[in-house]
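Read through the structure below, which is laid out as structure tokens, and then see the notes.
Letters A, B, ... are given to chains in the order of the sequence lines, protein chains preceding strands, and every chain is numbered from 1. Owing to the predicted nature of the structure, the values given are computational and were not obtained by experimental measurement.
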2 protein chains.
Amino acid sequence: MSQAKTTVLKIGGSVITDKNKELGVNMEAISRLADEILEANQRNLIIVHGGGSFGHPVAQEYAIKDGFKDKSQLLGFAETHHVMTVLNGIFMDALIWRGIPAVSIMPSSCMTTRNGRINYFGDTPIKQLLKMEFIPVLYGDAVFDTELGFTILSGDQLVAFLATQFSAKNIVIGVDVDGLYDTDPKTDAKAKMFDRLTLNELNKICGQLGGSNACDVTGGMRNKIAEIIPAVEKGIPVFIVNATKPKYVYKALKGENVKGTLIEKE
Amino acid sequence: MSQAKTTVLKIGGSVITDKNKELGVNMEAISRLADEILEANQRNLIIVHGGGSFGHPVAQEYAIKDGFKDKSQLLGFAETHHVMTVLNGIFMDALIWRGIPAVSIMPSSCMTTRNGRINYFGDTPIKQLLKMEFIPVLYGDAVFDTELGFTILSGDQLVAFLATQFSAKNIVIGVDVDGLYDTDPKTDAKAKMFDRLTLNELNKICGQLGGSNACDVTGGMRNKIAEIIPAVEKGIPVFIVNATKPKYVYKALKGENVKGTLIEKE
């Protein structure tokens with residue numbers, strides 16, 4: 001393992017796909033973000049991206065997240081996994097063509113879950129990859145589950161898991177809003193954004209100390225927050241930033257001043 | 001693990017790519033082979049494909065097989081890995097669109113090598129996959145090597161490894177010639193094809209009992225034979241068949257009579 005500590009960067013599926021169109025890619029966003037990642041020139045970076053309009057529709061159609069119920073789902077699992085590799089391939093193209101030594105890691109090939117939570121991670125390849133200063137790129141994936149047969153492993157669970165596993169110095173989460181709000185900024189013009197929250201403050205907002213599943217911050221953020229809290233608890237700060245706005249991810253990676261929500265342990 | 005024993009099918013890179021054109025795909029061959037695999041309806045199948053004009057040119061340009069020498073190779077490794085995932089994606093498309101529940105497994109995500117030989121295989125995901133009767137599809141890949149930094153893992157090494165690991169009942173190797181010849185059939189019209197060889201006979205032909213690296217059968221077959229001999233030694237028969245000819249792979253999978261070379265232990 002290299003000595004410099006790692007940053008885990010999440011790029012939301014909603015940022016790099018077109019949510020109005022199944023299998024719609026937002027190439028402009030992918031190209032711009034690849035430019036920003038190149039320019040930030042961050043060493044010890046792990047990238048995770050979501051599925052957006054690639055992974056979600058087919059996964060929902062076949063209820064992949066709920067696990068194996070009957071054989072008709074097998075093709076749905078295969079399709080969900082496949083379309084995620086296609087989206088990942090487009091993202092990898094953008095990185096590699098810019099000269100970024102990025103290497104995809106397929107979560108379903110090296111991880112399994114038990115009732116939806118990662119219970120196996122064969123980390124020998126990724127450790128060697130990080131040692132050699134490649135940039136691993138993972139993604140939300142259809143994975144095998146030792147109880148359910150299969151399920152969906154979200155990019156957000158991956159982010160917190162990898163940050164903890166590799167003792168990351170920080171997490172940057174690129175989403176399609178400016179940060180974490182008290183109500184949904186997409187539907188409520190009076191929504192108030194938090195610039196900084198401690199774990200205590202976040203738990204108060206979420207209404208239940210520790211048990212973050214009850215957290216009711218909105219704007220598609222509830223599950224995301226529930227997933228990242230364990231990393232914050234281990235002392236890894238999380239910065240939520242708008243990845244649809246030019247240079248926000250770049251500035252977050254560089255540690256420059258930019259609008260967003262910082263969540264810290266204390 | 002299912003009870004029915006597994007067949008490992010190798011599809012040569014030369015069959016599914018156009019060797020005269022870097023990144024040239026032979027879509028006609030891919031579509032036909034996907035049809036044959038669908039029609040054969042083989043349970044407990046593991047598929048491995050090679051790289052052909054996808055993997056080889058960029059791997060050679062950056063000398064990836066020889067391992068890490070300097071930082072200029074990092075992008076070459078990333079590219080080699082990436083183009084293999086692209087070829088695999090095209091192959092997966094063809095299988096899944098036909099309704100075959102095929103799931104790609106990325107070798108570099110779950111295996112490492114030591115001096116070019118597989119020394120780590122995190123097999124938890126693929127075991128679950130086989131248990132659920134999905135068809136795993138692997139491929140020759142740029143992988144991490146604990147001594148060399150990185151190297152190339154050939155599809156042929158993968159085939160023998162997986163067949164041994166999962167106690168396969170047989171191996172079918174689809175190539176671009178009719179079988180194993182005493183000289184190169186592409187340059188020597190008098191080349192004589194073997195219908196069946198025992199390990200003893202093969203070793204005699206190769207001139208050196210056991211030490212199959214010295215084997216000088218030609219036609220691009222030398223390394224292939226050297227890689228599969230360990231599986232034959234374990235009692236797994238290998239059938240080499242022409243995958244460029246319609247229905248040959250289908251017949252080989254079904255156990256029907258078709259031209260080719262059978263290699264058996266005794």
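Judged by distance alone, the side chains of B:S53 and B:D18 never bring a donor and an acceptor atom under 3.5 Å apart. No side-chain donor from either of B:T17 and B:N26 sits under 3.5 Å from a side-chain acceptor of the other.
Between A:R98 and A:E39 no salt bridge is recorded (no basic side-chain N to carboxylate O distance below 4.0 Å). The existence of a salt bridge linking A:E36 and A:K251 is excluded, since no basic side-chain nitrogen approaches an acidic carboxylate oxygen closer than 4.0 Å.
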Practice item. Take A:T7 and A:N170, measure what side-chain hydrogen bond (donor to acceptor under 3.5 Å, both in side chains) needs, and give me the verdict at the end. Key: CA-CA 5 Å; A:T7 294; A:N170 66 328; 2.7 Å; yes
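When each of B:V86, B:D145, B:L95, B:D123 is scored by its heavy-atom pairs under 4.5 Å with chain A, the top score falls to B:D145. Counting heavy-atom pairs under 4.5 Å between each of B:P101, B:S104, B:A102 and chain A puts B:S104 at the top. Ranking A:G89, A:A78, A:P136 against chain B, the residue ahead of the rest is A:A78, based on heavy-atom pairs under 4.5 Å. Note on A:M92, A:M111, A:E79, A:H82: by heavy-atom pairs under 4.5 Å with chain B, the leading option is A:H82.
With a threshold of 4.5 angstrom between heavy atoms, A:N88 does not approach chain B through any atom at all. The contact between A:T85 and chain B is made entirely by side chain atoms (from C-beta outward), counting heavy-atom distances below 4.5 Å. Residue contact with chain A, scored on non-hydrogen atoms closer than 4.5 Å, is absent for B:I135. The contact between A:I100 and chain B is made entirely by backbone atoms, counting heavy-atom distances below 4.5 Å.
Residues of residues 148-159 of chain B that come within less than 4.5 angstrom of chain A, heavy atom to heavy atom, are B:G149, B:F150 in numerical order.
Checked against side-chain hydrogen bond (donor to acceptor under 3.5 Å, both in side chains), A:T112 has the following partners two or more places apart in sequence or in another chain: A:N119.
B:S109 places a side-chain N or O within donor-acceptor distance of the main-chain N or O of A:M106, the cut-off being under 3.5 Å.
Here CZ of B:F121 is found 12.5 Å from OG1 of A:T124. Values are rounded to the nearest 0.5 Å.
Residue A:K69 qualifies as enclosed at atom NZ: its count of foreign heavy atoms under 6.0 Å is above 12.
B:F134 has its ring centre less than 6.0 Å from the ring centre of A:F144.
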